[in-house]
Amino acid sequence: MKELLLHSCCAPCSSAIIEWMLANDIRPVIFYCNPNIYPEQEYIIRKNEITRYAAQLGLEIIDDDYNHEAWRQYIAGRLCPQGIDMETQPERGGRCLECFRYRLTRSAQKCKELGHAEFTTTLASSRWKSLDQINEAGTWAAEHVGGVTFWNRNWRKGGLQERRNQLLKENNFYNQLYCGCEFSMR
């Protein structure tokens, strides 16, 4: 069975992808790296849901440290010197691209640390996210870290969105109503 690192944003977005992977001889190591989520209580709720699902399936889950301030500084450091205010960026704007780069770089680093060759992300399942931005960020992260490959699969196809909705109900997952950061709450 092939192993890879799966960056997970939440249980609802991860469930159908994990189910598909297991059915296709892929055993993911789940990496929960989401310092963008605000407030911390929201982070904990989402982390507990994916941890519960991983335990139900007997999968390993690794929780990255929650450091929202480091995430904010990273984003501001890339947008604000150019005069771009991170707070006013629209969804799918520059802030989102930098957020994906941050989380997927940490995922690439963890992938390499674990000795896996490949990683992917459940972010690519959300219709609210730009697939182009996610693929750009994942490819950039893999090149930046070196020695790992980003699998840029489109997780929105093949009935996975419908299956996601079924699994959400079957597992009674908490389903958030915003991306995660304070800027997406509006």
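When a residue number appears, it is its place in the shown sequence, counting from 1. These values consider heavy atoms only, across backbone and side chains, with no hydrogens, waters or symmetry-generated copies.
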Charged N to carboxylate O below 4.0 Å: is that the case for Arg101 and Glu98?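 Salt bridge present between Arg101 and Glu98.
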
Assess whether a salt bridge exists between Asp63 and Lys47, defined as any Lys/Arg side-chain N lying under 4.0 Å from an Asp/Glu carboxylate O.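 Yes, Asp63 and Lys47 are salt-bridged.
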
Rounded distance [0.5 Å steps], [atom1] in [X] versus [atom2] in [Y]:
{"X": "Arg92", "Y": "Ile134", "atom1": "CZ", "atom2": "CD1", "answer": "8.5 Å"}
{"X": "Ser107", "Y": "Leu6", "atom1": "OG", "atom2": "CG", "answer": "9.0 Å"}
{"X": "Leu22", "Y": "Leu57", "atom1": "CG", "atom2": "CG", "answer": "6.0 Å"}
{"X": "Cys10", "Y": "Asn34", "atom1": "SG", "atom2": "CG", "answer": "8.5 Å"}

Report yes if the side chains of [X] and [Y] come closer than 4.5 Å at any heavy-atom pair, otherwise no.
{"X": "Leu4", "Y": "Phe119", "result": "no"}
{"X": "Cys179", "Y": "Lys129", "result": "yes"}
{"X": "Leu167", "Y": "Glu19", "result": "yes"}

Distance-minimising heavy-atom pair for [X] and [Y]:
{"X": "Ile26", "Y": "Met1", "value": "N-CG, 3.9 Å"}
{"X": "Phe150", "Y": "Ala142", "value": "N-CB, 3.9 Å"}
{"X": "Cys13", "Y": "Thr122", "value": "O-CB, 4.0 Å"}
{"X": "Ala108", "Y": "Ala141", "value": "CB-O, 3.9 Å"}
{"X": "Gly58", "Y": "Arg27", "value": "O-NH2, 2.6 Å"}
{"X": "Cys99", "Y": "Ile75", "value": "N-CD1, 3.4 Å"}

Taking the six-membered ring of [Y], is the NZ or CZ of [X] close enough (under 6.0 Å from the centre) and on axis enough (within 45°)?
{"X": "Lys2", "Y": "Trp151", "result": "yes"}
{"X": "Arg46", "Y": "Tyr178", "result": "yes"}
{"X": "Arg164", "Y": "Trp155", "result": "no"}

Between Tyr66 and Tyr32, ring centroids under 6.0 Å: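 No, the ring centres sit 6.0 Å or more apart.
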
Do you see a donor-acceptor pair shorter than 3.5 Å between the side chains of [X] and [Y]?
{"X": "Gln56", "Y": "Asn171", "result": "yes"}
{"X": "Tyr74", "Y": "Asn67", "result": "no"}
{"X": "Thr121", "Y": "His7", "result": "yes"}
{"X": "Arg163", "Y": "Gln166", "result": "yes"}

Might you work through the side chain to side chain contact (heavy atoms under 4.5 Å, CB included) test for Thr120 and Leu104, ending with a clear yes or no? CA-CA 8 Å; Thr120 192; Leu104 294 180; over 6 Å; no

Worked check of side chain to side chain contact (heavy atoms under 4.5 Å, CB included) between Ile45 and Gln41: CA-CA 6 Å; Ile45 291 168; Gln41 184 59 31; 3.8 Å; yes

Using salt bridge (charged side-chain N to carboxylate O under 4.0 Å, His left out), reason through Glu113 and Lys110 one step at a time and then give a plain yes or no. CA-CA 5 Å; Glu113 177 187 316; Lys110 182 58 71 174; 3.1 Å; yes

Does Tyr174, at its OH atom, have more than 12 non-hydrogen atoms belonging to other residues, nucleotides or ligands within less than 6.0 Å?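 More than 12 heavy atoms, drawn from other residues, nucleotides or ligands, come within 6.0 Å of this atom.
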
From CA spacing to verdict: side chain to side chain contact (heavy atoms under 4.5 Å, CB included), Ile62, Val29: CA-CA 8 Å; Ile62 299 168; Val29 172; 3.8 Å; yes

Hey, mind stepping through Arg72 and Glu87 against salt bridge (charged side-chain N to carboxylate O under 4.0 Å, His left out) and telling me if it holds? CA-CA 10 Å; Arg72 281 185 61 102; Glu87 287 89 358; 3.5 Å; yes

Without swapping roles, check the side chain of Thr105 against the backbone of Tyr102 for a donor-acceptor pair under 3.5 Å.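 Side chain of Thr105 to backbone of Tyr102: no pair is present.
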
Side-chain donor/acceptor of Ser15 to backbone N/O of Pro12, under 3.5 Å: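 Present.
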
What do the steps show when you test Lys157 against Gln161 for side chain to side chain contact (heavy atoms under 4.5 Å, CB included), and what is the final call? CA-CA 7 Å; Lys157 295 185 174 183; Gln161 188 64 36; over 6 Å; no

Just say parallel, tilted or perpendicular for the rings of Tyr53 and Phe173, cut-offs at 30° and 60°.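 Geometry flag for Phe173 against Tyr53: perpendicular rings.
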
